[in-house]
Amino acid sequence: MYGLVDGNNFYVSCERVFQPRLDGRPVVVLSNNDGNVVSRSAEAKALGIAMGAPYFQVRELLRYHQGHALSSNYALYGDMSRRVMARLAEQVPAVEVYSIDEAFLDLHGLTTWCGTLDSRAQALRRDVLACTGIPTCVGMAPTKTLAKVANRLAKKYPELQGVLRLDTDSRRERALRVLPAADVWGIGRQYAQLLTAHGIGTAWALSQVSEVWARKHLGGVVGWRVVQELRGQPCQGLQASEDGTLARQSIRCSRSFGQRLTALEDLWGAVSTYLSRAAEKLRAQGEQAHLLTVFLTQDRYDTRVPPPYTRSATLTLPSGPTNDTLRLLAYGRRLLERIYEPDRRYVKAGVVLDGLEPPGRGQQLDLFTPAAASPTVTEDRRQPLMACVDALNQRFGRGTVRPAAAVTAVGQPTPWQGNAQYRSPAYTTRLTDLLLVG
DNA sequence: TCTGGGGTCCTAGGACCC
DNA sequence: TCTGGGGTCCTAGGACCC
(Lines give C-alpha, C1' and ligand atoms only; values in the text may rest on other atoms or scores of the structure.)
Protein backbone atom coordinates (compact mmCIF):
# COMPACT_ATOMS: atom_id res chain seq x y z
CA MET A 1 0.00 0.00 0.00
CA TYR A 2 1.27 3.43 -0.98
CA GLY A 3 0.51 6.79 0.54
CA LEU A 4 0.85 10.16 -1.10
CA VAL A 5 1.21 13.21 1.13
CA ASP A 6 0.89 16.57 -0.55
CA GLY A 7 1.16 20.02 0.98
CA ASN A 8 -1.94 22.13 0.36
CA ASN A 9 -1.11 25.28 -1.67
CA PHE A 10 2.42 24.62 -0.52
CA TYR A 11 4.23 27.88 -1.29
CA VAL A 12 1.35 30.01 -0.02
CA SER A 13 1.17 27.85 3.11
CA CYS A 14 4.91 28.38 3.72
CA GLU A 15 4.46 32.14 3.49
CA ARG A 16 1.45 32.08 5.81
CA VAL A 17 3.40 30.31 8.54
CA PHE A 18 5.43 33.49 8.92
CA GLN A 19 2.87 36.07 7.81
CA PRO A 20 -0.47 35.35 9.51
CA ARG A 21 -1.84 38.59 8.01
CA LEU A 22 -2.11 36.59 4.76
CA ASP A 23 -4.67 34.25 6.32
CA GLY A 24 -8.16 34.47 4.87
CA ARG A 25 -7.08 36.61 1.92
CA PRO A 26 -6.43 35.75 -1.71
CA VAL A 27 -2.69 35.10 -1.94
CA VAL A 28 -0.57 33.96 -4.88
CA VAL A 29 3.11 33.14 -5.21
CA LEU A 30 4.78 34.06 -8.49
CA SER A 31 7.37 32.23 -10.52
CA ASN A 32 10.88 33.56 -10.89
CA ASN A 33 10.92 36.91 -12.61
CA ASP A 34 7.44 37.52 -11.15
CA GLY A 35 6.07 35.95 -14.34
CA ASN A 36 3.36 33.43 -13.58
CA VAL A 37 1.18 32.34 -10.69
CA VAL A 38 2.61 29.09 -9.34
CA SER A 39 0.74 28.73 -6.06
CA ARG A 40 -2.70 29.97 -5.03
CA SER A 41 -4.56 30.14 -1.75
CA ALA A 42 -8.11 28.77 -1.66
CA GLU A 43 -9.36 32.36 -1.77
CA ALA A 44 -7.32 33.06 -4.91
CA LYS A 45 -8.65 29.89 -6.56
CA ALA A 46 -12.17 31.01 -5.71
CA LEU A 47 -11.52 34.23 -7.66
CA GLY A 48 -10.90 32.08 -10.72
CA ILE A 49 -7.14 32.70 -10.86
CA ALA A 50 -5.72 29.80 -12.86
CA MET A 51 -2.55 27.89 -12.11
CA GLY A 52 0.18 29.28 -14.34
CA ALA A 53 -1.72 32.47 -15.18
CA PRO A 54 0.56 35.36 -16.18
CA TYR A 55 0.72 37.80 -13.29
CA PHE A 56 -0.03 40.85 -15.40
CA GLN A 57 -3.40 39.33 -16.28
CA VAL A 58 -4.54 38.88 -12.68
CA ARG A 59 -2.83 41.81 -10.98
CA GLU A 60 -5.87 44.09 -10.99
CA LEU A 61 -8.29 41.37 -9.90
CA LEU A 62 -6.05 40.56 -6.97
CA ARG A 63 -5.67 44.21 -5.99
CA TYR A 64 -9.44 44.72 -6.15
CA HIS A 65 -9.96 41.89 -3.67
CA GLN A 66 -7.16 43.09 -1.39
CA GLY A 67 -5.06 40.08 -2.19
CA HIS A 68 -1.32 39.64 -2.10
CA ALA A 69 1.24 38.52 -4.67
CA LEU A 70 4.64 37.30 -3.48
CA SER A 71 7.81 36.56 -5.40
CA SER A 72 8.94 32.98 -4.96
CA ASN A 73 11.29 32.38 -2.06
CA TYR A 74 12.87 29.00 -2.70
CA ALA A 75 15.23 29.23 0.26
CA LEU A 76 12.15 29.28 2.48
CA TYR A 77 10.15 26.62 0.63
CA GLY A 78 13.12 24.27 0.37
CA ASP A 79 13.75 24.48 4.08
CA MET A 80 10.08 24.02 5.00
CA SER A 81 10.01 21.03 2.66
CA ARG A 82 12.92 19.41 4.50
CA ARG A 83 11.08 19.87 7.78
CA VAL A 84 7.92 18.22 6.43
CA MET A 85 9.86 15.31 4.91
CA ALA A 86 11.75 14.78 8.16
CA ARG A 87 8.46 14.44 10.07
CA LEU A 88 7.18 11.89 7.56
CA ALA A 89 10.41 9.88 7.63
CA GLU A 90 10.06 9.55 11.41
CA GLN A 91 6.73 7.83 11.15
CA VAL A 92 6.64 5.43 8.19
CA PRO A 93 9.00 2.67 7.01
CA ALA A 94 10.16 4.52 3.86
CA VAL A 95 9.64 7.85 2.11
CA GLU A 96 10.20 8.83 -1.50
CA VAL A 97 10.54 12.59 -1.80
CA TYR A 98 8.78 13.14 -5.09
CA SER A 99 8.82 16.93 -5.29
CA ILE A 100 9.24 19.91 -3.03
CA ASP A 101 5.74 19.43 -1.64
CA GLU A 102 4.96 15.76 -2.23
CA ALA A 103 6.14 12.44 -0.89
CA PHE A 104 5.16 8.84 -1.51
CA LEU A 105 5.06 6.69 1.60
CA ASP A 106 5.53 2.99 2.13
CA LEU A 107 2.59 2.07 4.34
CA HIS A 108 3.48 -1.57 4.72
CA GLY A 109 2.43 -3.03 8.01
CA LEU A 110 1.27 0.21 9.55
CA THR A 111 -2.17 -1.10 10.43
CA THR A 112 -0.97 -4.05 12.43
CA TRP A 113 0.67 -2.15 15.21
CA CYS A 114 -1.09 1.16 15.43
CA GLY A 115 -4.77 1.40 14.65
CA THR A 116 -6.37 1.71 11.23
CA LEU A 117 -4.65 3.22 8.22
CA ASP A 118 -7.08 6.12 8.20
CA SER A 119 -6.35 7.02 11.80
CA ARG A 120 -2.62 6.73 11.12
CA ALA A 121 -2.96 9.09 8.16
CA GLN A 122 -4.88 11.58 10.28
CA ALA A 123 -2.20 11.40 12.95
CA LEU A 124 0.44 12.06 10.30
CA ARG A 125 -1.39 15.15 9.09
CA ARG A 126 -1.77 16.47 12.63
CA ASP A 127 1.90 15.90 13.33
CA VAL A 128 3.10 17.68 10.19
CA LEU A 129 0.75 20.59 10.83
CA ALA A 130 1.81 20.91 14.46
CA CYS A 131 5.55 20.68 13.74
CA THR A 132 5.76 22.75 10.56
CA GLY A 133 2.51 24.66 10.15
CA ILE A 134 1.89 23.07 6.75
CA PRO A 135 -1.57 21.58 6.04
CA THR A 136 -1.57 18.39 3.96
CA CYS A 137 -3.80 15.74 2.42
CA VAL A 138 -3.13 12.00 2.25
CA GLY A 139 -4.18 9.51 -0.43
CA MET A 140 -3.69 5.77 0.01
CA ALA A 141 -3.96 2.96 -2.55
CA PRO A 142 -2.21 -0.15 -3.88
CA THR A 143 -0.52 1.77 -6.74
CA LYS A 144 1.16 5.15 -6.91
CA THR A 145 -1.20 6.36 -9.64
CA LEU A 146 -4.24 5.45 -7.50
CA ALA A 147 -2.63 7.09 -4.47
CA LYS A 148 -2.40 10.27 -6.56
CA VAL A 149 -6.08 9.87 -7.47
CA ALA A 150 -6.97 9.44 -3.80
CA ASN A 151 -4.95 12.48 -2.82
CA ARG A 152 -6.60 14.57 -5.50
CA LEU A 153 -10.07 13.67 -4.32
CA ALA A 154 -9.13 14.15 -0.66
CA LYS A 155 -8.23 17.73 -1.57
CA LYS A 156 -11.32 18.28 -3.65
CA TYR A 157 -13.89 17.02 -1.16
CA PRO A 158 -13.47 18.65 2.29
CA GLU A 159 -15.92 16.18 3.83
CA LEU A 160 -13.22 13.52 3.48
CA GLN A 161 -11.19 15.47 6.06
CA GLY A 162 -8.00 15.28 4.07
CA VAL A 163 -7.71 11.49 3.82
CA LEU A 164 -8.93 8.99 1.23
CA ARG A 165 -8.12 5.30 0.95
CA LEU A 166 -8.85 3.38 -2.28
CA ASP A 167 -8.15 -0.22 -1.42
CA THR A 168 -11.25 -2.05 -2.65
CA ASP A 169 -12.62 -2.43 -6.17
CA SER A 170 -15.83 -0.63 -5.34
CA ARG A 171 -14.05 2.35 -3.78
CA ARG A 172 -11.68 2.46 -6.72
CA GLU A 173 -14.49 2.45 -9.28
CA ARG A 174 -16.44 5.14 -7.45
CA ALA A 175 -13.36 7.37 -7.34
CA LEU A 176 -12.38 6.84 -10.97
CA ARG A 177 -15.90 7.58 -12.16
CA VAL A 178 -15.88 11.07 -10.65
CA LEU A 179 -12.34 11.97 -11.72
CA PRO A 180 -11.81 13.53 -15.18
CA ALA A 181 -9.28 11.58 -17.24
CA ALA A 182 -7.32 14.80 -17.65
CA ASP A 183 -6.62 14.82 -13.91
CA VAL A 184 -4.88 11.45 -13.94
CA TRP A 185 -1.14 11.47 -13.18
CA GLY A 186 0.63 11.09 -16.54
CA ILE A 187 -2.16 12.58 -18.66
CA GLY A 188 -1.11 16.02 -19.83
CA ARG A 189 -2.69 18.51 -22.20
CA GLN A 190 -1.98 16.63 -25.42
CA TYR A 191 -3.21 13.27 -24.18
CA ALA A 192 -6.24 14.83 -22.50
CA GLN A 193 -7.28 16.34 -25.83
CA LEU A 194 -6.82 13.05 -27.60
CA LEU A 195 -8.85 11.20 -24.96
CA THR A 196 -11.69 13.68 -25.30
CA ALA A 197 -11.66 13.21 -29.06
CA HIS A 198 -12.10 9.48 -28.46
CA GLY A 199 -14.94 9.99 -26.03
CA ILE A 200 -12.90 9.04 -22.98
CA GLY A 201 -13.90 11.50 -20.31
CA THR A 202 -13.34 9.88 -16.94
CA ALA A 203 -10.45 8.10 -15.29
CA TRP A 204 -12.72 5.05 -15.19
CA ALA A 205 -13.12 5.07 -18.99
CA LEU A 206 -9.36 5.46 -19.31
CA SER A 207 -8.84 2.42 -17.10
CA GLN A 208 -10.95 0.35 -19.52
CA VAL A 209 -8.95 0.91 -22.73
CA SER A 210 -7.03 -1.98 -24.28
CA GLU A 211 -3.29 -2.46 -24.05
CA VAL A 212 -2.94 -2.03 -27.82
CA TRP A 213 -4.86 1.23 -27.73
CA ALA A 214 -2.90 2.60 -24.78
CA ARG A 215 0.43 1.74 -26.36
CA LYS A 216 -0.59 3.23 -29.67
CA HIS A 217 -1.98 6.55 -28.46
CA LEU A 218 -0.45 7.28 -25.08
CA GLY A 219 3.28 7.17 -25.70
CA GLY A 220 3.93 3.42 -25.71
CA VAL A 221 4.79 1.66 -22.50
CA VAL A 222 4.33 4.83 -20.42
CA GLY A 223 0.63 5.09 -21.22
CA TRP A 224 0.04 1.41 -20.72
CA ARG A 225 1.53 1.65 -17.23
CA VAL A 226 -0.88 4.46 -16.36
CA VAL A 227 -3.82 2.27 -17.38
CA GLN A 228 -2.54 -0.73 -15.45
CA GLU A 229 -1.96 1.30 -12.34
CA LEU A 230 -5.50 2.68 -12.56
CA ARG A 231 -6.65 -0.95 -12.58
CA GLY A 232 -4.70 -1.59 -9.40
CA GLN A 233 -1.68 -3.33 -10.94
CA PRO A 234 1.47 -1.70 -9.57
CA CYS A 235 4.06 -0.87 -12.25
CA GLN A 236 6.41 1.25 -10.15
CA GLY A 237 7.83 0.77 -6.70
CA LEU A 238 8.91 3.22 -4.07
CA GLN A 239 12.31 4.79 -4.67
CA ALA A 240 13.23 5.55 -1.11
CA SER A 241 15.16 8.78 -0.67
CA GLU A 242 18.09 8.87 1.69
CA ASP A 243 17.75 11.52 4.38
CA GLY A 244 14.98 13.28 2.53
CA THR A 245 17.02 14.13 -0.55
CA LEU A 246 17.10 12.48 -3.94
CA ALA A 247 20.23 12.02 -6.04
CA ARG A 248 19.37 13.56 -9.39
CA GLN A 249 20.24 12.18 -12.79
CA SER A 250 20.51 15.59 -14.36
CA ILE A 251 21.10 19.08 -13.02
CA ARG A 252 19.70 22.13 -14.68
CA CYS A 253 20.02 25.82 -14.08
CA SER A 254 18.11 28.29 -16.23
CA ARG A 255 16.53 31.70 -15.76
CA SER A 256 14.45 34.19 -17.66
CA PHE A 257 16.17 37.55 -17.92
CA GLY A 258 14.71 40.74 -16.56
CA GLN A 259 14.99 42.18 -20.11
CA ARG A 260 15.73 41.03 -23.65
CA LEU A 261 19.42 40.38 -24.32
CA THR A 262 21.23 40.51 -27.64
CA ALA A 263 24.95 40.89 -26.88
CA LEU A 264 27.03 37.73 -26.68
CA GLU A 265 28.89 38.96 -23.63
CA ASP A 266 25.68 39.64 -21.70
CA LEU A 267 24.50 36.13 -22.52
CA TRP A 268 27.85 34.72 -21.48
CA GLY A 269 27.49 36.54 -18.16
CA ALA A 270 24.21 34.71 -17.59
CA VAL A 271 25.37 31.33 -18.89
CA SER A 272 28.58 31.38 -16.86
CA THR A 273 26.59 32.24 -13.74
CA TYR A 274 24.18 29.34 -14.29
CA LEU A 275 26.98 26.96 -15.15
CA SER A 276 28.85 27.80 -11.94
CA ARG A 277 25.71 27.21 -9.94
CA ALA A 278 25.02 23.90 -11.69
CA ALA A 279 28.60 22.74 -11.08
CA GLU A 280 28.21 23.64 -7.42
CA LYS A 281 25.08 21.49 -7.17
CA LEU A 282 26.92 18.70 -8.95
CA ARG A 283 29.75 18.78 -6.42
CA ALA A 284 27.28 18.95 -3.55
CA GLN A 285 25.77 15.73 -4.90
CA GLY A 286 29.29 14.24 -5.04
CA GLU A 287 29.16 13.46 -8.74
CA GLN A 288 30.64 14.33 -12.11
CA ALA A 289 28.92 14.96 -15.43
CA HIS A 290 30.01 13.96 -18.90
CA LEU A 291 27.29 15.71 -20.89
CA LEU A 292 26.91 19.47 -21.08
CA THR A 293 24.05 21.32 -22.78
CA VAL A 294 23.70 25.07 -23.26
CA PHE A 295 20.48 26.58 -24.56
CA LEU A 296 19.13 30.00 -25.55
CA THR A 297 15.44 30.84 -25.80
CA GLN A 298 13.72 33.60 -27.73
CA ASP A 299 10.34 35.11 -26.89
CA ARG A 300 7.81 32.45 -27.81
CA TYR A 301 4.96 34.95 -27.57
CA ASP A 302 6.47 37.19 -30.21
CA THR A 303 4.57 36.35 -33.37
CA ARG A 304 7.27 37.87 -35.56
CA VAL A 305 9.70 35.19 -34.48
CA PRO A 306 9.19 31.81 -36.16
CA PRO A 307 9.77 28.66 -34.11
CA PRO A 308 11.81 26.95 -32.88
CA TYR A 309 12.23 29.31 -29.96
CA THR A 310 14.92 27.34 -28.23
CA ARG A 311 18.26 26.36 -29.70
CA SER A 312 20.49 24.01 -27.80
CA ALA A 313 23.83 22.32 -28.22
CA THR A 314 25.04 19.28 -26.33
CA LEU A 315 28.60 18.13 -25.92
CA THR A 316 29.93 14.85 -24.64
CA LEU A 317 32.96 16.08 -22.77
CA PRO A 318 35.96 14.89 -24.81
CA SER A 319 38.12 14.30 -21.77
CA GLY A 320 35.59 12.49 -19.65
CA PRO A 321 33.35 13.39 -16.72
CA THR A 322 34.12 16.37 -14.53
CA ASN A 323 32.69 18.66 -11.88
CA ASP A 324 35.32 21.33 -12.36
CA THR A 325 33.76 24.73 -12.91
CA LEU A 326 36.65 26.11 -14.95
CA ARG A 327 36.65 23.26 -17.42
CA LEU A 328 32.87 23.36 -17.76
CA LEU A 329 33.09 27.10 -18.40
CA ALA A 330 35.58 26.57 -21.23
CA TYR A 331 33.30 24.08 -22.98
CA GLY A 332 30.20 26.10 -22.15
CA ARG A 333 31.63 29.12 -23.93
CA ARG A 334 32.17 27.08 -27.08
CA LEU A 335 28.63 25.73 -26.99
CA LEU A 336 27.21 29.21 -26.47
CA GLU A 337 29.11 30.54 -29.48
CA ARG A 338 27.80 27.63 -31.53
CA ILE A 339 24.14 28.50 -30.98
CA TYR A 340 24.37 32.28 -30.59
CA GLU A 341 23.08 34.42 -33.45
CA PRO A 342 23.51 38.19 -33.43
CA ASP A 343 20.43 40.40 -33.79
CA ARG A 344 18.22 37.97 -31.95
CA ARG A 345 16.42 38.98 -28.79
CA TYR A 346 16.86 36.31 -26.15
CA VAL A 347 14.64 36.04 -23.09
CA LYS A 348 16.19 33.11 -21.32
CA ALA A 349 19.26 30.90 -21.16
CA GLY A 350 20.22 27.76 -19.33
CA VAL A 351 22.58 24.86 -18.88
CA VAL A 352 22.04 21.16 -18.22
CA LEU A 353 24.52 18.69 -16.75
CA ASP A 354 23.73 15.10 -17.67
CA GLY A 355 25.29 11.67 -17.56
CA LEU A 356 26.07 11.95 -13.87
CA GLU A 357 28.30 9.44 -12.13
CA PRO A 358 30.50 9.24 -9.07
CA PRO A 359 34.13 10.27 -9.66
CA GLY A 360 36.94 7.84 -10.37
CA ARG A 361 35.17 5.56 -12.82
CA GLY A 362 37.93 5.36 -15.43
CA GLN A 363 38.86 8.75 -16.80
CA GLN A 364 39.20 9.26 -20.51
CA LEU A 365 42.57 10.71 -21.49
CA ASP A 366 42.95 12.83 -24.56
CA LEU A 367 45.28 11.16 -27.05
CA PHE A 368 46.80 14.41 -28.23
CA THR A 369 47.53 16.06 -24.90
CA PRO A 370 50.66 15.20 -22.90
CA ALA A 371 49.65 13.41 -19.74
CA ALA A 372 51.04 16.08 -17.44
CA ALA A 373 48.94 18.76 -19.13
CA SER A 374 45.81 16.64 -19.43
CA PRO A 375 42.65 18.19 -18.08
CA THR A 376 42.18 15.51 -15.48
CA VAL A 377 45.62 16.09 -14.01
CA THR A 378 45.31 19.86 -13.73
CA GLU A 379 41.82 19.26 -12.48
CA ASP A 380 42.94 17.04 -9.64
CA ARG A 381 45.02 19.95 -8.46
CA ARG A 382 41.99 22.19 -8.75
CA GLN A 383 39.74 20.11 -6.51
CA PRO A 384 40.85 21.96 -3.36
CA LEU A 385 40.15 25.25 -5.15
CA MET A 386 36.61 24.15 -5.99
CA ALA A 387 36.07 23.02 -2.40
CA CYS A 388 37.26 26.40 -1.22
CA VAL A 389 34.96 28.28 -3.61
CA ASP A 390 32.00 26.19 -2.42
CA ALA A 391 32.87 26.85 1.21
CA LEU A 392 33.13 30.62 0.63
CA ASN A 393 29.86 30.77 -1.26
CA GLN A 394 28.12 28.74 1.39
CA ARG A 395 29.43 30.90 4.20
CA PHE A 396 29.18 34.36 2.67
CA GLY A 397 26.34 33.88 0.23
CA ARG A 398 25.84 32.69 -3.31
CA GLY A 399 27.99 34.52 -5.86
CA THR A 400 30.66 35.68 -3.41
CA VAL A 401 33.15 33.94 -5.68
CA ARG A 402 31.96 33.82 -9.29
CA PRO A 403 33.28 33.70 -12.84
CA ALA A 404 34.76 36.98 -14.07
CA ALA A 405 32.27 37.06 -16.96
CA ALA A 406 29.47 37.32 -14.40
CA VAL A 407 30.94 40.38 -12.69
CA THR A 408 29.63 43.79 -13.72
CA ALA A 409 31.25 47.14 -13.04
CA VAL A 410 30.47 48.69 -9.66
CA GLY A 411 27.13 50.47 -9.74
CA GLN A 412 26.14 48.79 -13.00
CA PRO A 413 23.00 46.65 -12.97
CA THR A 414 23.40 42.99 -13.94
CA PRO A 415 21.90 42.85 -17.44
CA TRP A 416 20.40 39.37 -17.04
CA GLN A 417 19.04 39.76 -13.51
CA GLY A 418 15.36 38.85 -13.21
CA ASN A 419 12.69 40.63 -11.20
CA ALA A 420 11.61 39.66 -7.71
CA GLN A 421 9.82 42.65 -6.31
CA TYR A 422 7.77 41.01 -3.62
CA ARG A 423 10.17 38.54 -2.01
CA SER A 424 9.62 37.61 1.61
CA PRO A 425 12.61 37.20 3.95
CA ALA A 426 14.53 33.92 4.30
CA TYR A 427 12.94 33.37 7.71
CA THR A 428 14.42 29.96 8.37
CA THR A 429 17.79 30.01 6.59
CA ARG A 430 19.35 33.43 7.15
CA LEU A 431 20.14 34.66 10.63
CA THR A 432 19.44 38.30 9.84
CA ASP A 433 15.99 37.35 8.50
CA LEU A 434 14.83 35.61 11.68
CA LEU A 435 11.33 36.61 12.68
CA LEU A 436 11.37 38.85 15.75
CA VAL A 437 8.61 38.45 18.31
CA GLY A 438 8.14 41.27 20.74
C1' DT B 1 5.01 46.35 -21.48
C1' DC B 2 4.39 42.04 -18.55
C1' DT B 3 4.06 34.73 -19.89
C1' DG B 4 8.85 29.99 -14.64
C1' DG B 5 12.28 26.52 -13.29
C1' DG B 6 13.87 21.94 -12.54
C1' DG B 7 13.12 17.46 -13.25
C1' DT B 8 11.77 12.37 -15.45
C1' DC B 9 11.22 8.88 -19.07
C1' DC B 10 10.87 7.20 -23.81
C1' DT B 11 11.83 7.01 -28.89
C1' DA B 12 14.59 6.81 -32.80
C1' DG B 13 18.22 7.12 -36.20
C1' DG B 14 23.03 6.97 -37.03
C1' DA B 15 27.82 5.92 -35.65
C1' DC B 16 30.58 2.62 -34.07
C1' DC B 17 32.08 -1.75 -31.92
C1' DC B 18 32.78 -6.88 -31.93
C1' DT C 1 26.28 -9.48 -56.58
C1' DC C 2 25.44 -11.12 -52.22
C1' DT C 3 25.62 -7.59 -47.28
C1' DG C 4 24.13 -10.14 -39.69
C1' DG C 5 23.04 -9.51 -35.06
C1' DG C 6 23.44 -7.39 -30.89
C1' DG C 7 25.21 -3.99 -28.10
C1' DT C 8 26.39 1.02 -26.54
C1' DC C 9 26.85 5.80 -27.25
C1' DC C 10 25.47 10.19 -29.19
C1' DT C 11 22.11 13.56 -30.28
C1' DA C 12 17.68 15.53 -30.72
C1' DG C 13 13.04 15.74 -29.73
C1' DG C 14 8.64 14.93 -27.45
C1' DA C 15 5.72 13.92 -23.75
C1' DC C 16 4.88 14.31 -18.90
C1' DC C 17 5.39 15.91 -13.78
C1' DC C 18 5.22 19.58 -9.81
Original post:
Mind checking whether W185(A) and Y98(A) have parallel, tilted or perpendicular rings, split at 30° and 60°?
Top reply: perpendicular

Original post:
So what does R277(A) hit on the nucleic acid, given a heavy-atom distance under 4.0 Å: a base, only sugar-phosphate, or nothing?
Top reply: nothing

Original post:
Cation-pi between R277(A) and Y274(A): NZ/CZ under 6.0 Å from ring centre and within 45° of the ring axis?
Top reply: no

Original post:
Looking across every strand, which nucleic acid part, if any, lies under 4.0 Å from G186(A) by heavy atom: base, sugar-phosphate, or nothing?
Top reply: sugar-phosphate

Original post:
Cation-pi between K348(A) and F257(A): NZ/CZ under 6.0 Å from ring centre and within 45° of the ring axis?
Top reply: no

**OP:** Remember a base hit wins even if backbone is also touched, and classify D101(A) as base, sugar-phosphate or nothing at under 4.0 Å, heavy atoms.
**Re:** sugar-phosphate

Subject >> Sugar-phosphate, base or nothing in reach of I187(A), heavy atoms under 4.0 Å >> reply: sugar-phosphate

Original post:
What's the CD-C1' distance between Q239(A) and dG7(B), to the nearest Å?
Top reply: 13 Å

**OP:** Please work out whether the ring planes of Y11(A) and Y74(A) are parallel, tilted or perpendicular, with thresholds of 30° and 60°.
**Re:** perpendicular

Original post:
Base, sugar-phosphate, or nothing for Y55(A), non-hydrogen atoms under 4.0 angstrom?
Top reply: nothing

**OP:** Sticking with atom C1', work out how far dC18(C) lies from dC2(B), rounded to a whole angstrom.
**Re:** 24 Å

Original post:
What interatomic distance, in whole Å, is found between P of dG14(B) and the corresponding atom of dG4(C)?
Top reply: 16 Å

**OP:** Take V222(A) and D299(A), find for each the nucleotide of DNA chain B with the closest heavy atom, and name the residue whose nucleotide sits nearer the 5' end.
**Re:** D299(A)

Original post:
Considering heavy-atom distances to DNA chain B, does V347(A) or Q249(A) have its closest nucleotide positioned more toward the 5' end?
Top reply: V347(A)

Original post:
Paired with dC18(B): which nucleotide, if any, by Watson-Crick or G-U wobble criteria at under 3.5 Å for both distances?
Top reply: dG5(C)

Original post:
What integer distance in Å separates R215(A):CZ from dA15(C):P?
Top reply: 19 Å

Original post:
G220(A) near the nucleic acid: base, sugar-phosphate alone, or nothing, with a heavy-atom cut-off under 4.0 Å?
Top reply: nothing

Subject >> Touch class at under 4.0 angstrom, heavy-atom based, for L30(A) against every strand present >> reply: nothing

Original post:
Across the strands shown, which category fits V351(A) at heavy-atom distances under 4.0 angstrom: base, sugar-phosphate, nothing?
Top reply: nothing

